[in-house]
K.L.:
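Let me begin by handing over the structure; questions about it come next.
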Amino acid sequence: MREDLEARLLQAVARVVRELAPDAEVDLAAISLVPARSPEHGDYACNAGLVLAKPLRSPPRLLAEKIAAALDAPDVERIEIAGPGFLNLYLARERWHQVVSRVLRAGEAWGRSDASAGETVQVEFVSANPTGPLTIGHGRNAVIGDAVARLFEAVGCKVTREYYFNDGGRQMRVLADSLRARYEQALGREAELPEDGYQGDYLVEIARALADEQGEAWLDAEQDQFKKRAQDAIFADIESTLQRLGISFDVYFNEASLYENGSIDEVLESLRDAGFVYEGEGAVWLDSTHMDLDRDRVLVRSTGEPTYMLPDIAYHREKVSRGFTRIIDVLGPDHIEQFPYVKAATGALGCDVAGLEVVMYQWVNLRSGGEIVKMSTRKASFITIDEVLDQVGSDVFRYFMVERRADTHLDFDLDLARERSDRNPVYKIQYAHARLCSIERKASERGVTLPPIDDLPLQRLDSPGEIELAKRLGHFPDLVVHAARAREPQEVTRYLLDLATAFHTYISDGRGHRVLSEDADLSHARLALVGAIRTTLANGLALLGISAPERM
RNA sequence: GGCCCUGUAGCUCAGCUGGAUAGAGCGCUUGCCUCCGGAGCAAGAAGUCGCAGGUUCGAAUCCUGCCAGGGUCACCA
């Protein structure tokens, strides 16, 4: 609806420009049509008069009037010129009533669109190496990644969820040696963890299970056996955590395969051939200075071992080769700095990297008992997702993880998350949904059934609260598109909280908006509105992977 | 020192890619359950948008500098 109006508005602008100053340079992208902030400003507000004032050398209010006169839009009932030169557009009420029937007709598809149809998107997220359980920091990555993937699906993209991991390298050898030590300890022998070994209790448990199962049979086992054992156990644990969050992946991509199929060598050679590699200080360097970046980076250490950057480049070349139109990396601040180098180097290989982008999130601090616990992967102090899930459940966890914009630091307030009360915003939204369901149940108990959608007496929805709610529902598809474009699930949480509040206000502000009454038409109209709100809340929650309970 | 993110109400944060009187949740004050769910609603107090310049009809939003917090800079992915 908004888009149609915007198109007509731009036509009107074009007419006015043609008439007054055909040669003027006008930036049409600067013209916006947005939902008005307050009802005094109508339904939609447009800044075209102000934007055109300069290039057309005319007073903005005068231009606004000309645009208003040139606008051909049957839905627009009235236009006011306000303030410095805004166009305030008032739509006919029937337009908003129609929103209710559209929602009911669309059902689960309400909010979904083909705005980005034809795109194939790969979202790579979590990507934790199998050296330990997922921590709360991975949790933010996991929830954001999955929610962004859901948003892409909602606007018509085909989405591949991918997990990239490395089970090779020094860290895994240390892990293997750590498990061996724990295993020997489990058999009652003297054994010491290697220096900078993995100290977490989870390895003790894995070792105990191994000792119970194998007895002393593994005392002479190879490092590789321990490595595989640890890796399998830890991966099983990671997958079970992800399952608790309702997250599953289409592809698990192993970094080792890039070594096995020769990609690493190929990439290094190609970069060398392209003239972007040189030797210095015993290492092999990426000449990123000549890719418009501020400095060079090491690709192969003086020890002969590649840095993580080289396989990263090979991996991104591999992703691009699979033909995705868009490739998203969900990265924490510790990985973000490498990305421009990886992207530039991948481009230097001749790959089209235009669709490569990052969704970056900031660290999570855990707040408990008024104290802030800084989550640090390096230091031993970390809290696992499972530990938190034991206390709050997936819905609360997911909500809290996407409640803030990804690029701001997140304080996860464990005490608040644990509260099943009005202080906790997840419940406010879910409660509204349950309350709506309750009203529908009540209606069905009383034998009230809705007439066919086309026959609904929606004109009976004439109170300001009802029109306000219908407008809010009407904005939902735009909201989804916007959130997907911004890669910001947070926008959905905010919308849902506002919608839930608007409903609670409507139903209990003492203005007598009883849904079920003696007036059959009014009851039907309001019941239809109830259904539309419920559908929108449920669809919005689904975008976040959060359940919409019918009872609480 | 270089680069990246952040600085908005007592706290945690929005602010729709430059718009009209800067908003929400929590906390605080005061009211509301003979009535479809009080996990709710109504009203109120609370802000030099980190600081200083600049760009223009108009800046929390864009530019520059500074201050503060976090991150990162081949031997950890």
Side-chain angles (χ1 to χ4, degrees), chain A residues 29-30 32 34-38 40-41 45 47 50-51 53-54 59-60 82-86 88 127-129 131 165-166 169-171 174 196 255 281 283-285 293-295 297-303 305-309 311-312 332-340 360-363 365 367 374 377-378 403-405 407-411 413 416 419-428 430-432 434-443 445-446 478-479 482-483 485-486 488 490-491 493-494 497-498 501 503-510 512 514-517 530 551-552:
Chain A
S32 66
V34 295
R37 271 224 316 244
S38 89
E40 303 156 37
H41 297 153
N47 62 353
L50 296 156
V51 172
K54 189 159 203 180
F86 288 103
N88 291 337
S127 296
N129 289 337
T131 57
F165 69 100
N166 177 14
R170 200 188 79 92
Q171 40 147 5
V174 173
D196 66 359
E255 179 183 330
E281 300 169 49
V284 179
W285 292 76
L293 291 164
D294 59 328
R295 63 199 185 82
R297 306 293 303 233
V298 172
L299 291 173
V300 183
R301 299 181 186 114
S302 48
T303 61
E305 246 186 317
T307 64
Y308 45 82
M309 191 170 286
D312 248 21
D334 53 340
H335 288 60
I336 192 69
E337 214 240 343
Q338 339 300 337
F339 183 79
M360 194 205 66
Y361 65 94
Q362 279 290 343
W363 290 135
N365 295 320
R367 178 186 282 267
K374 276 190 188 160
T377 8
R378 307 266 182 80
E403 190 187 11
R404 308 292 178 220
R405 261 178 39 203
D407 60 6
T408 67
H409 297 259
L410 174 66
D411 284 346
D413 188 337
L416 176 59
E419 257 188 76
R420 295 184 68 83
S421 78
D422 54 339
R423 296 179 64 228
N424 194 331
V426 201
Y427 295 127
K428 182 159 180 171
Q430 290 185 319
Y431 178 70
R435 203 173 171 186
L436 287 153
C437 289
S438 168
I439 293 173
E440 292 185 313
R441 272 197 303 275
K442 195 73 67 179
E445 283 165 20
R446 294 187 193 175
D478 272 350
L479 178 275
H482 195 275
R485 293 223 168 108
E488 261 303 351
Q490 173 268 338
E491 294 182 8
T493 66
R494 185 152 293 269
L497 194 58
D498 289 345
T501 301
F503 162 66
H504 285 307
T505 297
Y506 168 72
I507 210 69
S508 48
D509 66 356
R514 272 196 79 75
V515 174
L516 304 172
S517 67
V530 162
R551 288 189 170 83
M552 291 178 71

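First the proteins, then the strands, lettered A, B, ... as listed; each starts at 1.
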K.L.:
Does U48(B) pair with anything, Watson-Crick or G-U wobble, both distances under 3.5 Å, and if so, with which nucleotide?
P.N.:
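Base-paired to nothing in any strand shown.
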K.L.:
Are any of the side-chain nitrogens in Arg485(A) or Glu491(A) under 4.0 Å away from the carboxylate oxygens of its partner?
P.N.:
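So Arg485(A) does not pair with Glu491(A) through a salt bridge.
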K.L.:
May I ask you to say what Ala486(A) touches in the nucleic acid, namely base, sugar-phosphate or nothing, with a heavy-atom cut-off under 4.0 Å?
P.N.:
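Since no nucleic acid heavy atom lies under 4.0 Å of Ala486(A), the category is nothing.
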K.L.:
May I have the distance from Asp407(A) (atom CG) to G70(B) (atom P), rounded to whole angstrom?
P.N.:
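Atom CG in Asp407(A) sits about 18 Å away from atom P in G70(B).
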K.L.:
Counting only Watson-Crick pairs (N1-N3 plus N6-O4 or O6-N4) and G-U wobbles (N1-O2, O6-N3), all under 3.5 Å, who is the partner of U72(B)?
P.N.:
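Its partner is G2(B) (Watson-Crick or G-U wobble, both distances under 3.5 Å).
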K.L.:
From the list G25(B), A77(B), G38(B), which nucleotide is the closest neighbour of the side chain of His335(A)?
P.N.:
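The answer is A77(B).
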K.L.:
Would you classify Asn47(A) as touching base, sugar-phosphate or nothing, given that sugar-phosphate means primed atoms plus P, OP1 and OP2, and contacts are heavy atoms under 4.0 Å?
P.N.:
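Touches a base.
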K.L.:
Please answer whether the main-chain N or O of Asn166(A) pairs with a side-chain N or O of Asn129(A) as donor and acceptor at a distance below 3.5 Å.
P.N.:
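Side chain of Asn129(A) to backbone of Asn166(A), a donor-acceptor pair under 3.5 Å: yes, one is there.
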K.L.:
Minimum heavy-atom separation for His504(A) to Lys428(A), with atom names?
P.N.:
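For His504(A) and Lys428(A), the tightest heavy-atom pair comes out as NE2-O, 3.6 Å.
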K.L.:
Applying a 4.0 Å non-hydrogen cut-off, can you work out what Ser438(A) is touching in the nucleic acid: base, sugar-phosphate, or nothing?
P.N.:
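Counting heavy atoms under 4.0 Å across all strands, the contact made by Ser438(A) includes a base.
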K.L.:
Do Asn88(A) side-chain and A20(B) base share a donor-acceptor contact under 3.5 Å?
P.N.:
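Such a pair is found, so the answer is yes.
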K.L.:
Regarding Gln362(A) and Arg404(A), do their side chains bring together a donor and an acceptor under 3.5 Å, going by distance alone?
P.N.:
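Side-chain D/A pair, Gln362(A) to Arg404(A): absent.
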K.L.:
Hey, is the side chain of Arg435(A) poking within less than 4.0 Å of OP1 or OP2 on G38(B), counting only N and O atoms?
P.N.:
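It does, given that an N or O in the side chain of Arg435(A) lies less than 4.0 Å from OP1 or OP2 of G38(B).
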K.L.:
So Ile507(A), base contact, sugar-phosphate only, or nothing? Heavy-atom distance under 4.0 Å.
P.N.:
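Touches a base.
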K.L.:
Please report the distance, rounded to the nearest Å, between CG in Asn365(A) and C1' in C5(B).
P.N.:
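Going from Asn365(A) (CG) to C5(B) (C1'), I get 14 Å.
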K.L.:
Is there a Watson-Crick or G-U wobble partner for C36(B) with both distances under 3.5 Å, and which nucleotide is it?
P.N.:
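Because no pair has both required distances under 3.5 Å, C36(B) counts as unpaired.
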K.L.:
Mind checking who G7(B) pairs with, Watson-Crick or G-U wobble, both distances under 3.5 Å?
P.N.:
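By the stated definition (distances under 3.5 Å), C67(B) pairs with G7(B).
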K.L.:
Let's see if you can work this out: which of A42(B), G37(B), C4(B) has an atom nearest to the side-chain heavy atoms of Met360(A)?
P.N.:
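Nearest to the side chain of Met360(A) among the choices is C4(B).
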K.L.:
Nearest of C13(B), A74(B), A77(B) to any side-chain atom of Asn129(A)?
P.N.:
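Between C13(B), A74(B), A77(B), the one nearest the side chain of Asn129(A) would be A77(B).
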K.L.:
When the distance from CD of Gln362(A) to C1' of G70(B) is rounded to whole Å, what number comes out?
P.N.:
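Computing the Gln362(A):CD to G70(B):C1' distance gives 6 Å.
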K.L.:
Measure from CG on Asp411(A) to P on G70(B) and round the result to the nearest Å.
P.N.:
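The answer, rounded to whole Å, is 13 Å.
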K.L.:
Among U6(B), C13(B), C36(B), which nucleotide sits nearest the side chain of Ile439(A)?
P.N.:
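Shortest atom-to-atom distance from the side chain points to C36(B).
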K.L.:
Go through G70(B), G15(B), G37(B) for me and flag the one nearest to the Gln490(A) side chain.
P.N.:
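Nearest to the side-chain atoms of Gln490(A), counting from C-beta on, is G15(B).
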K.L.:
Is the distance from OP1 or OP2 of C57(B) to the nearest side-chain N or O of Lys54(A) less than 4.0 Å?
P.N.:
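It does, given that an N or O in the side chain of Lys54(A) lies less than 4.0 Å from OP1 or OP2 of C57(B).
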K.L.:
Using atom P of each nucleotide, how far apart are C36(B) and A43(B) to the nearest Å?
P.N.:
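Between the two P atoms, the distance is 23 Å.
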K.L.:
Counting any heavy atom closer than 4.0 Å, what does Ala432(A) reach on the DNA or RNA strands: base, sugar-phosphate only, or nothing?
P.N.:
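Nothing, no heavy atom under 4.0 Å.
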K.L.:
Which part of the nucleic acid, if any, lies within contact of Arg485(A), taking any heavy atom under 4.0 Å across all strands shown: a base, the sugar-phosphate backbone alone, or nothing?
P.N.:
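Counting heavy atoms under 4.0 Å across all strands, no contact is made by Arg485(A).
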K.L.:
Identify, between Val34(A) and Lys428(A), the residue whose nearest nucleotide on RNA chain B lies closer to the 5' end.
P.N.:
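Looking at RNA chain B, the more 5' nearest nucleotide goes with Val34(A).
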K.L.:
Any idea which heavy atoms bring Glu419(A) and Tyr427(A) closest together, and the distance?
P.N.:
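Nearest pair, atom of Glu419(A) first, then Tyr427(A): O-CE1, 3.2 Å.
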K.L.:
Please name the nucleotide paired to C62(B) by Watson-Crick or G-U wobble geometry with both distances under 3.5 Å, or report none.
P.N.:
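G54(B) is the nucleotide pairing with C62(B).
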K.L.:
Let me know the distance between CH2 of Trp363(A) and P of C4(B), rounded to the nearest Å.
P.N.:
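It works out to 19 Å between those atoms.
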K.L.:
Check the distance between G70(B)'s P and His409(A)'s NE2 and give it to me in whole angstrom.
P.N.:
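Distance, rounded to whole Å: 9 Å.
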K.L.:
Hey, does Arg420(A) reach any base, or is it just sugar-phosphate, or nothing, if we go heavy atoms under 4.0 Å?
P.N.:
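Base, at least one base atom sits under 4.0 Å.
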K.L.:
NA contact type, Glu403(A), heavy-atom cut-off 4.0 Å: base, sugar-phosphate, or nothing?
P.N.:
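The residue Glu403(A) makes no contact with any strand.
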K.L.:
Using the purine O4'-C1'-N9-C4 or pyrimidine O4'-C1'-N1-C2 torsion, is C73(B) syn (within 90° of 0) or anti?
P.N.:
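Chi for C73(B) falls in the anti range.
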K.L.:
Measure across Pro311(A) and Pro306(A) and return the closest heavy-atom pair with its distance rounded to 0.1 Å.
P.N.:
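Looking at all heavy atoms of both residues, the closest pair is CD-CB, 4.5 Å.
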K.L.:
Side-chain N or O of Thr505(A) versus OP1/OP2 of A42(B): is the shortest distance under 4.0 Å?
P.N.:
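Answer yes for this pair, as a side-chain N or O of Thr505(A) is under 4.0 Å from OP1 or OP2.
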K.L.:
Measuring from the side chain of Leu50(A) (C-beta onward, heavy atoms only), which nucleotide among A74(B), A77(B), G19(B) has the closest atom?
P.N.:
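Nearest to the side chain of Leu50(A) among the choices is G19(B).
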K.L.:
Has Phe86(A) got its ring stacked on A20(B), by the test of a centre gap below 5.5 Å and a plane angle below 30°?
P.N.:
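Here Phe86(A) meets both the 5.5 Å and the 30° conditions.
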K.L.:
Quick one: the side chain of Tyr427(A) and the base of A39(B), do they pair up donor-acceptor inside 3.5 Å?
P.N.:
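Side chain to base: no pair below 3.5 Å.
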K.L.:
Roughly, in whole Å, what's the span from CZ in Arg514(A) to P in C33(B)?
P.N.:
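Value for this atom pair: 16 Å.
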K.L.:
Counting heavy atoms from C-beta on, name the nucleotide in C13(B), A77(B), G37(B) closest to the side chain of Arg404(A).
P.N.:
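In terms of side-chain proximity for Arg404(A), the closest of C13(B), A77(B), G37(B) is C13(B).
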K.L.:
Would you indicate what Ala128(A) reaches in the nucleic acid, counting non-hydrogen atoms under 4.0 angstrom: base, sugar-phosphate, or nothing?
P.N.:
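Nothing, no nucleic acid heavy atom in range.
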K.L.:
Once you round it to whole Å, what is the distance between C1' of C75(B) and CH2 of Trp285(A)?
P.N.:
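From Trp285(A) CH2 to C75(B) C1': 13 Å.
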K.L.:
What are the two closest heavy atoms between Ala82(A) and Asn88(A), and how far apart are they?
P.N.:
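Taking every non-hydrogen atom into account, CB-ND2, 3.3 Å.
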K.L.:
CZ of Arg494(A) to CD of Glu488(A): how many Å apart, nearest 0.5 Å?
P.N.:
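Nearest 0.5 Å value for the CZ-CD distance: 11.0 Å.
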K.L.:
Ignoring backbone atoms, test whether Arg494(A) places a side-chain nitrogen or oxygen under 4.0 Å from the OP1 or OP2 oxygen of G25(B).
P.N.:
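Checking Arg494(A) against G25(B): no side-chain N or O falls below 4.0 Å of OP1 or OP2.
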K.L.:
With a 3.5 Å limit on both atom pairs, tell me what A24(B) is paired to, counting Watson-Crick and G-U wobble, or say none.
P.N.:
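Pairing partner, where one exists within any strand: U12(B).
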K.L.:
Go nucleotide by nucleotide along RNA chain B from the 5' end; which of Gln338(A) and Arg295(A) gets its closest nucleotide reached first?
P.N.:
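Between the two, 5'-proximity favours Arg295(A).
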K.L.:
For His482(A), report the nucleic acid contact type (base, sugar-phosphate, nothing); a contact means any heavy atom under 4.0 Å.
P.N.:
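Contact class for His482(A): sugar-phosphate only.
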K.L.:
Select base, sugar-phosphate, or nothing to describe what Ser32(A) touches, counting heavy atoms under 4.0 Å on all strands.
P.N.:
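It contacts nothing in the nucleic acid.
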K.L.:
What's the shortest heavy-atom distance between Val298(A) and Ala283(A), and which atoms?
P.N.:
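Scanning both residues, the minimum pair turns out to be CG1-CB, 4.1 Å.
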K.L.:
Looking for any heavy atom pair under 4.0 Å, which part of the strands does Leu416(A) touch: base, sugar-phosphate only, or nothing?
P.N.:
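Contact class for Leu416(A): none.
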